[in-house]
Amino acid sequence: MKGEAGRMQHSDKPKQEGHIWGSMRRTAFILGSGLLLLVAFWNSVTWHLQRFWGASGYFWQAQWERLLSTFEGKEWILYIIGAAQVPGLLFWAFNGLLLVVDTTGKPNFISRYRIQVDAEKLRQSVRTVLFNQCVISLPMLVFLYPILKLWGDPCRRELPTFHWFLLELAVFTLIEEVLFYYSHRLLHHPAFYKKIHKKHHEWTAPIGVISLYAHPIEHVVSNMLPVMVGPIIMGSHLSSITVWFSLALITTTISHCGYHLPFLPSPEFHDYHHLKFNQCYGVLGVLDHLHGTDTVFKQTKAYERHILLLGFTPLSESIPDALKKME
């Protein structure tokens, strides 16, 4: 029986490799088609938002020009504030609130939405996150500035139009999904997992701040580069970069936070990845679906809970895990 099982596993390996390449082709087709459809229906989808933007656009342009005049000749300082300090402050403001709940269990109206709890090793983890932000992220963002200037000054006077900003966000999201999925999955290869990625997986029940708790190599390859490549390709304005980096940090915090809060994206997908390791590698889940790396997840109660909570009853109560049968 063991020999037969071994032969079956060996014969399945080429099929799995063929499945991966086939999935990659389908991925390119689906993502490309999705982008074309988004562009095709652009005006009808954004008409009302464009009216609001048009009414308030002059106000923001005036505030931006005031900032430019304040930092005239020192635009790189304005860039550091927008690309590093603003997203960083939002990250720690949001995670500060979550850390209070994680460490005290109060207030109860938030803690009742907790998926699972494991708050050990917190102090060491915060030190690692601060190291990654100050010693790795900040120099990378400083180095990004001259690269962005090759495509167009990120601190140029004219703000991007609303439609261009939305297009940028769509491109940023697609690029991050592709780069994060494949870099993340590569880090789970035995050659890299034990020495690099295992550090992040010390937390089987993660909390928000753990989103940046990683080996320095992983922080560069899987955390920073996927969100930086999009603005480089698009030659983005600092306003787009600030919003994108802030959204990326808040999104990854939510996916790690362990709280399935009302009206916020579900963290069940990535939380399950930390629980099982070999499922749910991506951000949006599109590539996981195409590669079949979410099949086990789809058979769980966590998958049933992987929805936007529109009420105030915790999904862990309305869709509880099945009780284990007494042996």
Side-chain angles (χ1 to χ4, degrees), residues 30 34 45 90-122 125 173 176-177 180-181 184 188 200-213 246-327:
I30 290 175
V45 171
L90 288 174
F91 174 84
W92 282 108
F94 189 33
N95 277 287
L97 294 173
L98 292 175
L99 284 172
V100 170
V101 185
D102 289 326
T103 55
T104 67
K106 298 177 181 179
N108 181 62
F109 73 86
I110 294 180
S111 62
R112 64 196 292 255
Y113 295 99
R114 187 81 165 119
I115 299 172
Q116 49 181 325
V117 180
D118 180 4
E120 297 179 4
K121 310 181 298 290
L122 182 57
S125 301
T173 302
E176 184 200 21
E177 174 71 7
F180 180 77
Y181 178 88
H184 185 194
H188 275 267
H200 184 68
H201 275 280
E202 290 173 6
W203 289 76
T204 56
I207 60 177
V209 73
I210 300 307
S211 56
L212 299 183
Y213 178 71
S246 300
L247 283 175
L249 282 173
I250 295 300
T251 300
T252 191
T253 293
I254 292 173
S255 68
H256 285 86
C257 73
Y259 292 94
H260 197 148
L261 296 169
F263 313 111
L264 289 180
S266 166
E268 303 279 354
F269 186 79
H270 195 73
D271 195 81
Y272 192 78
H273 172 75
H274 274 262
L275 188 64
K276 296 298 183 182
F277 293 8
N278 61 353
Q279 290 279 296
C280 308
Y281 294 103
V283 179
L284 301 176
V286 176
L287 291 171
D288 286 282
H289 175 74
L290 293 172
H291 286 294
T293 50
D294 62 353
T295 53
V296 177
F297 173 66
K298 288 178 177 178
Q299 300 170 16
T300 67
K301 289 291 185 179
Y303 176 68
E304 295 181 35
R305 294 191 293 264
H306 188 48
I307 57 176
L308 181 67
L309 177 57
L310 298 177
F312 294 99
T313 300
L315 287 170
S316 57
E317 295 178 8
S318 58
I319 310 177
D321 289 318
L323 296 175
K324 293 183 179 180
K325 295 181 179 180
M326 298 295 290
E327 294 184 358

- In terms of heavy-atom contacts, does OH of Tyr303 have more than 12 from other residues, nucleotides or ligands at under 6.0 Å? no
- Note on the structure: Nearest heavy-atom approach of Leu98 to Cys257 is CD1-CB, 3.7 Å
- Grab the two heavy atoms, one from Pro262 and one from Gly311, that are nearest each other, plus how far apart they are. CB-O, 3.4 Å
- Message: Apply side-chain contact (heavy atoms from CB on, under 4.5 Å) to residues Thr173 and Leu284 and explain how you reach the verdict.
- Response: CA-CA 9 Å; Thr173 302; Leu284 301 176; 3.9 Å; yes
- Message: Test your reading of the model: is there a side-chain donor-acceptor pair from His256 to the backbone of Pro206, 3.5 Å cut-off?
- Response: no
- Spatial distance of atom NE2 (His201) from atom CD1 (Ile210) [nearest 0.5 Å]: 12.5 Å
- Asp288 side-chain N/O to Asp294 backbone N/O, donor-acceptor pair under 3.5 Å: no
- Measure the OG1-CZ distance between Thr253 and Phe94 for me, rounded to the nearest 0.5 Å. 6.5 Å
- Closest heavy-atom pair, Pro267 versus Ile254, reported as atoms and distance to 0.1 Å, is CB-O, 3.1 Å
- Item | Results of salt bridge (charged side-chain N to carboxylate O under 4.0 Å, His left out) for Lys276 - residues two or more places apart only | none
- Query: Can you check side-chain contact (heavy atoms from CB on, under 4.5 Å) on Asn278 and Val296, steps first, answer last?
  - Reply: CA-CA 9 Å; Asn278 61 353; Val296 177; over 6 Å; no
- Query: Can the ring centroids of Phe263 and Phe312 be said to lie less than 6.0 angstrom from one another?
  - Reply: yes
- Message: Can you give me the closest heavy-atom contact between Gln279 and Thr295, atom names plus distance?
- Response: OE1-N, 3.3 Å
- Query: Do side-chain atoms of Arg305 reach the backbone of Ile319 as a donor and acceptor pair under 3.5 angstrom?
  - Reply: yes
- If every non-hydrogen atom of Leu287 is compared with every non-hydrogen atom of Thr293, which pair is closest and at what distance? O-OG1, 4.4 Å
- Query: From Glu268 CD over to Leu315 CG, what is the distance, rounded to the nearest 0.5 angstrom?
  - Reply: 7.0 Å
- Task: Determine yes or no for a side-chain-to-main-chain donor-acceptor pair under 3.5 angstrom, with Asn95 supplying the side chain and Phe91 the backbone.
- Result: yes
- Message: Within the 4.5 Å heavy-atom criterion, are Leu99 and Ile207 side-chain neighbours or not?
- Response: yes
- Does Thr252 offer a backbone N or O that forms a donor-acceptor pair with the side chain of Ser255 under 3.5 Å? yes
- Item | Worked verdict on His274 versus His200 for side-chain contact (heavy atoms from CB on, under 4.5 Å) | CA-CA 9 Å; His274 274 262; His200 184 68; 3.2 Å; yes
- Message: Please report the interatomic distance CD(Glu317) to CZ(Arg112), rounded to the nearest 0.5 Å.
- Response: 5.5 Å
- Item | Ser266: side-chain hydrogen bond (donor to acceptor under 3.5 Å, both in side chains) partners, not counting sequence neighbours | His306
- Query: Are His273 and His188 an aromatic pair by the rule of ring centers under 6.0 Å?
  - Reply: yes
- Between Phe269 and Gly282, which heavy-atom pair has the shortest distance, and what is it? CE2-O, 3.5 Å
- Looking at side-chain heavy atoms only, is the closest gap between Thr251 and Pro265 below 4.5 Å? no
- Task: Answer yes if the ring centres of Tyr113 and Tyr259 are under 6.0 angstrom apart, and no otherwise.
- Result: no
- Classify the ring geometry between His184 and Phe180 as parallel (under 30°), tilted (30 to 60°) or perpendicular (over 60°). tilted
- Would the His291 and Tyr281 ring centres measure less than 6.0 Å apart? no
